[in-house]
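Below is one structure, written out as structure tokens; the observations come after it.
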Amino acid sequence: QVQLVESGGGLVLAGGSLRLSCVASARSFSSYYAMGWFRQAPGKEREFVGAISWSGGSTYYADTVKGRFTISRDGAKNTVYLQMNSLKPEDTAVYYCAADPAFRPPYRDGMDYWGKGILVTVSS
């Protein structure tokens, strides 16, 4: 089983930055494993944020965060990061780390494995 643990959430002022981390553990990884981030604000549906291919490093972002958020990974640490810059109040949500056997954005049906989520609050 894949286990995902998020960290780095918290409160930040609008225009500020925050970096989320997600540590993954698994018995094995596929050659084209993907990890990504989703978010869900109260009263709204889950929203795809972005994804990264573990082996190749290809990334894909939702239009709402493109140019502001950056996904990266550290293979040695089995960790994926979400660097969030120029944060807006509408970015406030619970952010979920996720993993999937394939890189297939925009993941309308979600991914196969999920973390518990971590709250990001952006105040104006």
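Below, each value reflects all heavy atoms present in this structure, side chains not excepted, and no hydrogens, waters or symmetry copies.
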Looking only at heavy atoms, what is the nearest atom pair of Tyr107 and Ala51, with distance? CE1-CB, 3.8 Å

Can you find a heavy atom in the side chain of Leu13 that is under 4.5 Å from one in the side chain of Val122? no

Determine the minimum heavy-atom distance between Thr79 and Ser21, stating which atoms define it. CG2-CB, 4.3 Å

Side-chain donor/acceptor of Arg73 to backbone N/O of Trp54, under 3.5 Å: yes

Contact between Thr70 and Tyr61 at the side-chain level, heavy atoms closer than 4.5 Å - yes or no? yes

Shortest non-hydrogen contact from Tyr113 to Val2? CG-CB, 3.7 Å

Going by heavy atoms in the side chains, are Leu4 and Met35 under 4.5 Å from each other? yes

Which atom names give the shortest non-hydrogen contact between Tyr95 and Glu6, and what distance separates them? O-OE2, 3.9 Å

If we ignore hydrogens and angles and just use 3.5 Å, is the side chain of Gln3 paired with the main-chain N or O of Ser25 as donor and acceptor? no

When the ring centroid of Trp114 is compared with that of Phe38, is the distance short of 6.0 Å? yes

Determine the minimum heavy-atom distance between Asp112 and Pro101, stating which atoms define it. OD2-CD, 3.3 Å

Tyr81 vs Leu20 side-chain heavy atoms within contact, under 4.5 Å: no

Lys66 meets the side-chain hydrogen bond (donor to acceptor under 3.5 Å, both in side chains) criterion, sequence neighbours left out, with Asp63

Enter the distance from Asp100:CG to Ser53:OG here, rounded to the nearest 0.5 Å. 11.5 Å

Distance-only donor-acceptor hits, side chain of residues 40-49, under 3.5 Å, sequence neighbours excluded:
unit_1	atom_1	unit_2	atom_2	d
Gln40	NE2	Lys44	O	3.2
Glu47	OE1	Arg39	NE	2.8
Glu47	OE1	Arg39	NH2	3.4
Glu47	OE2	Thr64	OG1	3.1

What is the minimum heavy-atom distance between Ala102 and Ala34, and which atoms define it? O-CB, 3.4 Å

Check: Ile71 and Val80 side chains under 4.5 Å, non-hydrogen atoms: yes

Could you work out, with side-chain hydrogen bond (donor to acceptor under 3.5 Å, both in side chains) as the rule, every residue matching Ser17, not counting sequence neighbours? Asn85

Residue pair Leu87 / Leu18, side-chain heavy-atom distance below 4.5 Å: yes

